[in-house]
Amino acid sequence: MSSTELPGVRSASEASPQVGAVHVAEGEQLRTVALPGLELTVRSRPPRRAGLPPALFVHGLGGSSTNWTDLMAQLEDTVDGEAVDLPGFGWSPPPADRDYSVTSLARAVIRHLDAAGRGPVHLFGNSLGGAVSTRVAAVRPDLVRTLTLISPALPELRVQRSAVPTALLAVPGMASLVVRLTRGLSAEERTRGVTALCYGDLSRVTPEGFAHAVTEMERRMALPYFWEAMTRSSRGIVDAYTLGGQHGLWRQAQRVLAPTLLVYGGRDQLVSYRMAQKAAASFRGSRLLTLPRAGHVAMMEYPEVVAQAFRELLRDTAPAAGDTQDTRDTQDTLDIRDTEDGRG
């Protein structure tokens, strides 16, 4: 499952430009990509120097490209980063066919990469975006250099109790019930609830970041397709969990050839921490970063730590960049212990 619009960890400059009601951090740019039946908003951060490899960041359920602002800033000296608003989220309108399945969202990412000619990219995904990115890496290995998954929404036999309300959105009629039950909640109250659900350490939320998140929540709640996007995307995750055979997400994880970094938070209330070892065993040659104090959005709580782990992935896999990955059967495990700043 995943994040709704969440506050950033690092405060943005007060002089940062605004585009409508959306916050654009200093150094970021927004553009619209128009494809047949699909329109995507893409947030980019120009690299510190020319020639850096491209990267694409994919957010989770209810989130947007702003979820990656802090990590993109950390990696501006390493990659040429772009973050996409998936169809129906952020500033991207709904897809023409109203299909929010994991397969359809993966197809949207693939279409964007093919049209832009940016592949292969370093692909990052959080939660729903992690499931989408897994599917992209499995079916189009030519588009993916490395894969970094932060609390990916991969099938669990025992869903955490705190994740049940999100899953219930997939039940017909449940969205309208939720709307009625929460009609009296202000945007600030809704944002506080989402933040408490997705963060492991609320002290990582800045007042500026929270204020931006409340403003964005107000805007999104006024969109006529807000609940449709949430409901159908939730149903898409549930449907993906039930798929078997070669289309099952765990089976596709085994097909991924790209060097993979897995990041799990010990305080994640939406994706179980116990799934970390299963994921590490499923993605061949993967490495695992565990953050005991992090919640569901480690790239927002500890962007410096995630950035460093990614740089180490690049450093350690660069000499074998021409390999097919089939010979990589070792697994590295990083355990960031419970320190005050998240560093071991």
Just to verify, what does [X] make a salt bridge (charged side-chain N to carboxylate O under 4.0 Å, His left out) with, not counting sequence neighbours?
X	value
Glu189	none
Arg140	Asp114, Asp142
Arg311	Asp77
Arg31	Glu82

Quiz prompt | Heavy-atom check, side chain of Val109 versus side chain of Val132, under 4.5 Å | solution =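 When only atoms from C-beta onward are counted, Val132 and Val109 do touch, with a gap below 4.5 Å.
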Is the closest side-chain heavy-atom distance between Val84 and Val33 below 4.5 Å?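 When only atoms from C-beta onward are counted, Val33 and Val84 do not touch, as no gap falls below 4.5 Å.
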Is the shortest side-chain N to carboxylate O distance from Glu301 to Arg204 below 4.0 Å?
->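 Judged by the 4.0 Å cut-off on N to carboxylate O distance, Glu301 and Arg204 do not form a salt bridge.
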Is a donor from one side chain sitting under 3.5 angstrom from an acceptor on the other, for [X] and [Y]?
X	Y	value
Thr146	His122	yes
Asn126	His59	no
Ser101	Thr103	no

Which atom of [X] lies closest to which atom of [Y], heavy atoms considered:
X	Y	result
Gly295	Ser151	O-OG, 4.1 Å
Thr290	Pro292	O-CD, 3.5 Å
Pro95	Pro87	CD-CB, 3.6 Å

- Query: Which of these, Leu71, Val305, Asp70, Thr69, sits in a side-chain contact (heavy atoms from CB on, under 4.5 Å) with Met299?
  - Reply: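 For Met299, the side-chain contact (heavy atoms from CB on, under 4.5 Å) check succeeds only for Leu71.
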Can you pull out every ring pair (Phe, Tyr, Trp, His ring centres under 6.0 Å) where at least one residue sits in residues 253-272? Sequence neighbours excluded, please.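 For residues 253-272, and leaving out neighbouring residues, there are no ring pair (Phe, Tyr, Trp, His ring centres under 6.0 Å) pairs at all.
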message = Which residues pass the side-chain hydrogen bond (donor to acceptor under 3.5 Å, both in side chains) test with Gln254, not counting sequence neighbours?
response =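 Scan of Gln254 (side-chain hydrogen bond (donor to acceptor under 3.5 Å, both in side chains), adjacent residues dropped) gives none.
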*Check: Asp85 side chain, Ser64 main-chain N or O, donor-acceptor pair, under 3.5 Å*: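 No.
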(message) Closer than 3.5 angstrom, by distance alone: can the side chain of Ser104 be matched with the main-chain N or O of Tyr100 as a donor-acceptor pair?
(response)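 No.
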Mind telling me whether Phe310 and Phe124 have parallel, tilted or perpendicular rings, with 30° and 60° as the class edges?
->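 If you compare the ring of Phe124 with that of Phe310, the planes turn out tilted.
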* Between CG of Leu86 and CG of Leu38, what distance do you get to the nearest 0.5 Å? ->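 Here the rounded value is 9.5 Å.
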message = Once rounded to the nearest 0.5 Å, what's the spacing between atom CH2 of Trp91 and atom CZ of Arg219?
response =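 These two atoms lie 5.0 Å from each other.
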